[in-house]
Amino acid sequence: MKGKLMRRSLKTQSLSVGKLRLSDLEKQERQMAEHASSLSEGKMTYAEAPQMHRPRLHGDSSLKPRTKAQREERLGAIHATHLARRRRVNEAAKRKYAEGELVKAHDLLAATVASIGDAVILTDENGNVTFLNPEAERLSGWKDSEAKGQTLPKVFHILNEQTRQTAENPVEKVLRTGKVAGMANHTLLVSKDGVETPIGDSTAPIRHADGPLFGAVLVFRDVTAQRRAQEAASRLAAIIEHSGDAIITKNLNGVIQTWNPSAERLFGYRAEEIVGKPVTVLFPPDRLKEEDYIIGLLRQGQPVERLETIRVAKDGKQIPVSVSVSPMKDADGQVIGAAKIIHDISDVVAAREALLREKQLLATTLSSIGDAVIVTDTNGGVTFLNAEAERLTKWSNREAAGQPLRTVFRIVNEETRALVENPVEKVLRLGDIVRLANHTVLIAKDGTEMPIGDSAAPIREPDGPVFGVVLVFRDVTEQHKTQQAIARLAAIVEHSGDAMVTKNLDGVIQSWNSSAERLFGYDAEEIVGKHVTLLFPPDRLNEEDHIINRLRQGQPIERLETIRLAKDGRKIPVAVSISPLKNADGEIVGASKILHDISEVVAAREALEREKELLATTLASIGDAVIVTDEEGRITYVNAEAERLTKWSSGDAHGQALPKVFCIVNEETRAPVENPVEKVLRLGGVAGLADHTILIAKDGAETPIDDSAAPIRRPGGPLFGAVLVFRDFTERKKAEEILRDAQQKLSQHAAELEETVAERTAKLKETVNDLESFSYSIAHDMRAPLRAMGMFARLLKDKVPAISTSPEARVYCEKIVIGAARLDNLINDALNFTKAALKESPLQQVDLLKLVHGLLDTYPNLQSGTADIQIEENLPIVLGNESLLTQCFSNLLGNAVKFVAPGVHPKVRVRSEIKDGFARIWVEDKGIGIPKHAQSRVFAMFQKLDDRYEGTGIGLAIVRKVVERMGGIVGVESEPDQGSRFWVDLRVAPKNENA
Amino acid sequence: MSEKIRPILAAEDEESDRMILELAFGSAKLPCPLVFVPDGQEAMDYLSGKGRYADRAAHPLPALIVLDLKMPRMNGFDVLGWLAEQPDLKQIPAVVLSSSAHECDMNIARQLGAREYFVKPHNLDELIKIAHQMQALWLSAATTDNRHAANE
């Protein structure tokens, strides 16, 4: 933003400089032209022309000839008059004496003498005044009457003009010599009342014809005018001689008559070589016809004014000149030649070219400056658009030319959309610079809009009438953005987490942001205008002087950590940064303060101190020896244990090189061991000490030690020291031995234990095997006799006539048969239970549907004739053991068909539900059900709930046992007389392993 | 040809079981005489014609061997195993008749070459049915031979 503004002001400046230069040059050029024309027209004399080249002339302007010709004419006329007068006086005297008509002559003479322009004084032969004519009276200040009889020198007091000495009285000379005497030049007549008049005179003796002299006549005149004319003529000559312009005269044939030094300088011809040559010598060949034109004008008595042309110098150089030619007339007004004033306008031409370049530059500048520029005429018609204006209005310079400004420059108010007054109309009305209102939007030719800022200024000559308006405007989109940026900055200040405060150099608070409000508890309204020391604790008031001093020197204060007071008197530790605030002129007018609440930092720092303290205490009190060195390996800290082991006191060790205090050798070779700190400092990593290292203490005592050294560095920073930690290995050695012993014992014990376990496991296996063989033996050895008992009892009953005919004997035999069968079942079930509990039963995938159907085919009590068993087709494949599952479901199904009311046809349903990887298999019957109180015991061993039904009371115990062995659970829901619903949860076999 | 009638050789250590077996086979009217040996060892001796069984005329090779499993000295499995290694004898069908309903016993028996495994039933009628099965499966040829022999 700043850059942009600065650039703009520079442009404006260069524009105005350009303008100034332009107008100066134009003015100068104009003046020169005017002077030249005045001179050539004869309106103005050289003397009058206030030109830089010419000295200013003084004198009576009325006497000054307007042209050289007139001047010469006038000079000639004066001279002629004088001669005529003298002639007339002499003739009159001759006549008087010759004709003898004395009285008549006297009267005539007296009248003549009285009326002539010359002063006449008559004296007697003694030189006493006898007569003064009126002119003599005027010049001498004496009256004829009072002068009569006076001596001539009294009345006619003359001085040498230059020496101021009394000049010789001409009458005395005449009377003495008897001859006519002239007066010396430069004679001043001093009148009676002291007025001095330059005079010219002559004195003649008065005598009768050939008679004695009887007086003298003194004729003189006031030569002031003459003298002035002479002076003027000589001055004019000097002017011509010294004029910066070449001044030449020529006759009507074009032959050069005179040639002044400037002409010599300008053209390189000396007067003597050019006078008499035709003036066309100076003409370039292609401009010869100009001479005809000039001569033509001259013959008509007309001057040529300021003809800008080219003339050729002697060396052939072409010189741009401005020529003014005036006709020269003789006394009769006949044109006899011309005076030419030739002004070298090389400079002017150069200046003009420079001007053109300047104009070009200005035009280019206008075209290329960042601001848009539109120039209008006095009617508000567009005459010029620069490139930026073309870009913003979308009108090209060409198509915009002549359009009314409001067509090209359409502006509306940003918010109201109302047309904004055309600034050019306003300028034309007010004749002064106007600025555009804010929030003005320019609507370009294609309808695009942009916010603009502008100003319009009248174009006029200095103090002259307005002849146009220049309208300067620019796209302020950027500026708007800048303003937004400023607004954002303000918002940042407002919402900054840090307190931001500004104050003036008197320390008076000027602004106060919301964080400051939060930090100190003062609202902006209550604190702005108060002195900033309100926030200072009393013991820190001198800080403000220091701050103000630094600010006056323009120096910022960076991060002064101090204490400030909140409104409630709370002390807040803060970090203060103060920057000088400068006004636009760069003067320091105040300061901005950023106050950062460092309570937490201070707290953290205190915590750090405590931490350090803690660490130091820890280091001092830990059992390990600790030595800290700086980055060069010099000891900076030794803890108590290190003191004990090295026998160096902390004070003595401090500053020592580490090897001196920490002297270590190899236990066996006694060779010095490399100092671990040196290694750390060299390698920058943690280093451990070799085993079998011995520390030799200051007193020569040796201690086996174990150590490690680590670099001290800030994270990622350079290493600034090392910490060496070591310990007395004697103790550890002992400890290690004890540990080794303990470990040995432990492993021994563990080995023993393992052995015992193996032994016991083997025994257990043996037992199990024994148990299995025992069961096996029972199966054979106990059941065989039973079977025999049953069979023989039946044979007795059926086949032996003595018994089969006796009803009593038949009943007894029957009892034997039933008892034997029951005992056989009992043994069989007990055997199965044992088998379920002991037998190793690996889990496999078992298709339950297939298994249950197999049961129905195998077991006679489950045949379709005996019972109605419905099996759902979706029974899953479970993870189980086929023989265990057979035992499980044969028991459940057997129970389901068994426990029905007498005469009821058993109805059983087998179905399954799958949930969370487990299948719940339901075996539901419509049987007698189980009383609630008994439901918890049905799965226990030898629980027979109803004596009416055959059974060993082991079946459900077997079910529970086998299900548990397969990792499942079993349960029952039952209502007496409603039926029982037994369920078994079994793991579903993983799908991908389905066989 | 003076071929002897081929008997059924039953190895059974239990006296009462031998009686019941005799009753049942008698009731079933099997054409072959039932010859008992008290254990596996005796069965092997009989089959190989050792010792007191050296006279093959008095002790002809059986048409069927019925083995109990649990017996003193040599059990049923031992006999089956041995039999499988006797090229002259292994073609004689051997079945197991045991009180054990253990699956593993059944599996072992089959693996060792038993043609069938029967669990000893608890009543005589069941046993008679088993005897009829044995006759149907393995004794029809023997029956014909025996009849021929009887006729001669």
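Values below: every heavy atom of this structure, side chains too, minus hydrogens, waters and symmetry copies. A, B, ... follow the sequence lines: proteins, then strands. Residue 1 opens every chain.
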Would you say that more than 12 heavy atoms from the other residues, nucleotides or ligands in this model lie under 6.0 Å from the [atom1] of [X], or not?
X       : atom1 : value
K961(A) : NZ    : no
E808(A) : CD    : no
E116(B) : CD    : yes
R760(A) : CZ    : no
R822(A) : CZ    : no
E103(B) : CD    : no

CG-OG distance between D824(A) and S99(B), expressed to the nearest 0.5 angstrom: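 One finds 9.0 Å between CG of D824(A) and OG of S99(B).
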
Rounded distance (nearest 0.5 Å) linking atom CG of L23(B) with atom CZ of F792(A): 7.0 Å

Contact listing (chain A partner; residues 125-132 of chain B; heavy atom under 4.5 Å): none

Test item: D17(B) and R787(A) side chains (from C-beta on) under 4.5 Å apart, heavy atoms: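 A side-chain contact exists here, since the closest heavy-atom pair is under 4.5 Å.
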
Non-hydrogen side-chain atoms of R794(A) and N123(B) separated by less than 4.5 Å: yes

Contacting region of L795(A) [heavy-atom separation from chain B under 4.5 Å]: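 Only the side chain of L795(A) comes within 4.5 Å of chain B.
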
Shortest non-hydrogen contact from M791(A) toward I20(B): SD-CG2, 3.2 Å

